[in-house]
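For reference, the structure is listed below as structure tokens.
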Amino acid sequence: MMFDRRKEQLIAKIQSFCEAKGLPIQKAELRNIPFSGEWGVALPFFPLAAADRDRSGSVPQHAQALAEALKAELGIPEGFSRLEAVNGYLNLYFSTSEYAKEVVTSVLNESNRYGSRPGSGKPTMIEYSNPNTHKPLHVGHLRNVILGGAVSNLLEASGKPVVRVNYIGDIGLHVIKWMCNYEMYHAGEEPAADKMRWMADLYAEADKRFSEDPAFEHAVRAYFARWDGGEQHLKDLWLLTRAWSMEGFEQVYDLLGEHFDHIYFESEVEEPGKLLVEDLIKSGLAEDGRPENPVIIDLDKKLGTKEEYRVAVILRSDGTSLYATKEIPLAIMKFSDYELDESIYVIDVRQSLHMKQMKKVLELMGYEWAPRMRHLAYEIVNLPGNVTMSSRDGTVVLLDDLIREATERALAIVREKNPSLSEAETREVALEVALGAIKYPMISRENTKIVTFDWETALDFNGQSAPYIQYAHVRANSILTKAGGRKPERFDFDYDLQPSEINLIEMISHFPVEVERAAKELKPSLIATYAYDLAKSFSDFYNQCQVINASAEIRGARLALVDAARITIKNALKLIGIKAPRIM
RNA sequence: GUUCCCGUGGCCUAAUGGAUAAGGCACUGGCCUCCGAAGCCAGUCAUGUGAGUUCGAAUCUCACCGGGAACACCA
């Protein structure tokens, strides 16, 4: 980039200025100017002033004096329009036309690659979604899927290959309940077209019977014993119904635009887990308390820590497996299946201690990669009044219901706002808008903050929301279409740029930096916020600057800018799993 | 009891240790003969408390207050 080179030249000059004055140059760092309307870089002189032994007066005063001194020394470097020493900062403003052209040109050239870099190196594995078969998905699962998917996208965009994996809970009491209920009351029935829904309804029915009908509970226990006995008929039924459930999940993942590279099943790590526990007992790491007590690893005792790692329970006293039993072989399997740089777990914050224990256990077992396991902890989704979602208490919002409700609402709005669309277009747009609207609040806040779900917010298509961003994209698209769809081959920003278009170009140019930061910190919320700010900048521009009706010399440049904005909005939305419709 | 997370206008959220704390919702009043009003413009209102570090703190440290979570056989 031309401006990178100019910056380097500038930094060299600043360095010689600092050396001449005996100032610690390592403390000189360029940053963005917070005000809009013009662009450039700012150099704060406070650290230099504080370190200067020849300082006269207060630090801010001296910073201002230094800024002025450097300003006088630099004159006006090539590529800059003016310099300004104010409030202890030296602000260096770029020549607008060159900078604008450079930004817009590179966005148009890179198009849908703008903001991403090619991948290289060892892959990072990201485990997320992790649903239980035979059970419905609720909005808590949605946050996990959206977050995991977005983090995967971000890492990919920042140049890391990614392996997306899903760890499916395909065994346990919930499965037995479902199958027992099915055999007793729905034997031979086939799933409805909406498999997710059908499975969920039967699960709710089974769960209700289980808690209300002692006879059914009895039947389930007996059924479980037959399962443990390895009865072939039950195995066949399990495989069949699990496949139904997986097909249901696939339907939902397709709808959400998610995919996985590898599926791990709980059932495939259960036996290896039990074998590992025996090894751990033999090696002396684990203590076998059976038959009265479970098999444990007393981490605090082993490590000499106090109430930090606590006790990890790795096998029940009756010899049956626990979550932890299976987690250990799964972690090992991941690193042997792939040569991983990192193994990320997207799991809610309540499992932080458990994750910390697993990592430590694997470290004690001698796996060099254990430190490369990383828990991405996120907060749960609540209901108003700090009500935790629980299917047992019936305080749960099913994903299915939410998507249906949002789509219906979107459909009505699209019909009202844009009646000229065909039925097929209307449906497609409504779905994209509805999904965007329900995804956005899940991803736009920090991972560590609780999301409180309420229908009003989830179905609000105004304000800071995905539909607002999508709408900006649609309007940009609309201008380009009206202009004839042809892209100007040559354009220049040699005219007096309006503050709103300078601001828009500035926002567009920040995208790659935002992607890097979001990837590094595993924070998709930064991109969600950025996408909104970008859309807002575009709206400002849209309201203040004419494009199609502009004079010939301005028109080409503004069309190019609109196209660059359109591309950047679309790319940003894509990273957070939201589609950008052409029309709406 | 130990540990972790969160406290920013009436409500929800934003702000790589840096300049004037930024938006949304709600409320009030304006704007469709002008590239689409899911929009735009204008208005009122905020960093839990107290110390510390720093030239400079919403941000870092400590204490306290308030809310949530985890802590031996759920996942």
Side-chain angles (χ1 to χ4, degrees), chain A residues 29 31-35 42 44-47 49-51 55 58-63 86-89 91 130 132 169 172-174 266 289-290 293-296 298 306-318 320 322-327 347-354 356 377 379-380 382 386 388 410 413-414 416-418 433 437 441 444-452 454 456-457 460-465 467-468 470-472 474-476 478-483 513 517 521 525-526 529 532-533 536 539-540 542-550 558 562 583-584:
Chain A
E29 194 185 334
R31 41 191 314 120
N32 292 319
I33 303 174
F35 309 109
F45 276 88
F46 301 102
R55 167 156 57 103
S58 69
V59 169
Q61 279 168 355
H62 192 54
V86 58
N87 290 340
Y89 291 82
N91 295 331
N130 299 7
N132 287 328
L173 183 60
H174 63 280
E266 225 178 293
R290 288 176 293 176
N293 292 304
V295 181
I296 61 159
D298 191 337
K306 256 192 169 171
E307 295 191 66
E308 191 183 344
Y309 288 94
R310 314 268 169 172
V311 168
V313 180
I314 58 171
L315 195 72
R316 281 202 189 89
S317 51
D318 65 3
T320 55
L322 288 160
Y323 187 42
T325 319
K326 301 162 230 170
E327 200 66 51
I347 306 180
D348 83 58
V349 68
R350 293 173 298 187
Q351 290 183 45
S352 294
L353 177 61
H354 168 260
K356 192 170 143 187
E379 265 292 357
I380 57 165
N382 260 352
N386 193 25
T388 306
I413 294 174
V414 176
E416 178 206 326
K417 305 273 184 190
N418 203 341
V433 169
S444 62
R445 58 203 72 223
E446 285 204 48
N447 302 335
T448 52
K449 292 209 175 179
I450 294 170
V451 170
T452 300
D454 69 284
E456 218 176 304
T457 310
D460 188 1
F461 297 170
N462 300 311
Q464 182 166 1
S465 64
Y468 176 94
Q470 291 170 321
Y471 185 63
V474 166
R475 287 187 305 185
S478 169
I479 289 177
L480 295 170
T481 308
K482 282 216 167 69
V513 180
R517 212 183 119 208
E521 298 176 18
S525 62
L526 295 176
T529 305
Y532 174 74
D533 290 340
K536 195 154 182 55
S539 288
D540 287 345
Y542 182 89
N543 287 306
Q544 285 166 35
C545 300
Q546 286 289 311
V547 179
I548 294 172
N549 303 325
R558 284 192 176 157
V562 169
I583 40 173
M584 65 191 273

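Quick caveat, the model's predicted, so the values are computed rather than measured. Quick note on labels: first sequence line is chain A, next is B, and so on, each numbered from 1.
Comparing C40(B), C6(B), G23(B) by their closest approach to the side chain of T448(A) singles out C6(B). When the nucleotides A38(B), A19(B), C74(B) are ranked by their closest atom to the side chain of Y89(A), A19(B) comes out on top. Distances from the side chain of R350(A) to the nucleotides C25(B), A69(B), G68(B) place A69(B) closest. Listed nucleotides C55(B), A19(B), C35(B) differ in distance to V86(A); the shortest reach to its side chain belongs to A19(B). When the nucleotides G36(B), A19(B), G24(B) are ranked by their closest atom to the side chain of Y532(A), G24(B) comes out on top. The E446(A) side chain lies nearest to A14(B) when the options are G39(B), A72(B), A14(B). Candidate nucleotides A37(B), C25(B), A72(B) were compared by shortest atom distance to the side chain of P294(A), and A72(B) ranks first. Side-chain atoms of K417(A) lie closest to A38(B) of the nucleotides C25(B), A38(B), C73(B). The side chain of R310(A) lies closest to C71(B) when the candidates are C40(B), C71(B), C34(B). When each of A19(B), U13(B), C55(B) is scored by its nearest atom to the side-chain atoms of A50(A), the top-ranked nucleotide is C55(B).
Side-chain atoms of S352(A) and base atoms of C4(B) include no donor and acceptor less than 3.5 Å apart. A donor-acceptor contact under 3.5 angstrom links the side-chain atoms of N91(A) to the base of A19(B).
Comparing A57(B) with U20(B), their P atoms sit 12 Å apart, to the nearest whole Å.
Within the nucleic acid shown, V474(A) comes within 4.0 Å of at least one base atom, counting heavy atoms only. Using a 4.0 Å heavy-atom distance criterion, V349(A) is classed as making no nucleic acid contact. Contacts of E456(A) with the nucleic acid, taken as non-hydrogen atoms under 4.0 Å apart, are absent. Base contact: S478(A) has a heavy atom under 4.0 Å from a base atom. When heavy atoms are screened at a 4.0 angstrom cut-off, A63(A) is found touching no nucleic acid atom at all. Within the 4.0 angstrom heavy-atom criterion, base atoms lie near I296(A). Residue contacts for V562(A): at a heavy-atom cut-off of 4.0 Å it reaches no nucleic acid atom on any strand shown. At the heavy-atom level, N132(A) lies nowhere under 4.0 Å from the strands shown. Nucleic acid contact for R475(A): sugar-phosphate only, since backbone atoms but no base atoms lie under 4.0 Å from a heavy atom of the residue. Contacts of N130(A) with the nucleic acid, taken as non-hydrogen atoms under 4.0 Å apart, are absent.
Neither OP1 nor OP2 of C12(B) sits under 4.0 Å from any side-chain N or O of K449(A). Phosphate contact (OP1/OP2 of C40(B), side-chain N/O of Y468(A), threshold under 4.0 Å): present. Residue K536(A) places at least one side-chain N or O under 4.0 Å from the OP1 or OP2 atom of G24(B). At least one side-chain nitrogen or oxygen of R316(A) sits closer than 4.0 Å to the OP1 or OP2 atom of C74(B). N293(A) has no side-chain polar atom (N or O) that falls below the 4.0 Å cut-off from OP1 or OP2 of C73(B).
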### Task
Applying side chain to side chain contact (heavy atoms under 4.5 Å, CB included), run through Y468(A) and K536(A) and close with a yes or a no.
CA-CA 9 Å; Y468(A) 176 94; K536(A) 195 154 182 55; 3.9 Å; yes

Residue pair T448(A), V349(A): steps toward the side chain to side chain contact (heavy atoms under 4.5 Å, CB included) verdict:
CA-CA 8 Å; T448(A) 52; V349(A) 68; over 6 Å; no

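The aromatic ring of F46(A) stacks onto the base of G18(B), its centre lying under 5.5 Å from the centre of the six-membered base ring with the two planes under 30° apart.
Base orientation of C40(B): anti (glycosidic angle beyond 90° from 0).
Of all heavy-atom pairs spanning N91(A) and V86(A), the tightest one is ND2-CG1, 3.6 Å.
Atom CG of D454(A) is separated from atom CD of E456(A) by 6.0 Å, given to the nearest 0.5 angstrom. In this structure, CD on E379(A) lies 12.0 Å from CZ on R445(A), to the nearest 0.5 angstrom.
Base pairing of C71(B): its partner is G1(B), meeting the Watson-Crick or G-U wobble criterion (both donor-acceptor distances under 3.5 Å). In a base pair of the Watson-Crick type (N1 to N3 plus N6-O4 or O6-N4) or a G-U wobble (N1-O2 and O6-N3), with each distance short of 3.5 Å, G66(B) is matched with C6(B). Look at U20(B): it lacks any Watson-Crick or wobble partner with both distances under 3.5 angstrom. When both distances must be under 3.5 Å, the Watson-Crick or G-U wobble mate of C40(B) is G30(B).
Positionally, the nearest nucleotide of RNA chain B for Q546(A) lies more toward the 5' end than for the other of Y323(A) and Q546(A). Place C545(A) and V433(A) on RNA chain B by their nearest nucleotides, and C545(A) ends up nearer the 5' end.
Across the protein-nucleic acid pair, N386(A) atom CG and C12(B) atom P stand 12 Å apart, rounded to whole Å.
A donor atom on one side chain and an acceptor atom on the other are found under 3.5 Å apart for S539(A) and R475(A).
Electrostatic pairing of D348(A) and R350(A) counts as a salt bridge here, judged by a charged N lying under 4.0 Å from a carboxylate O.
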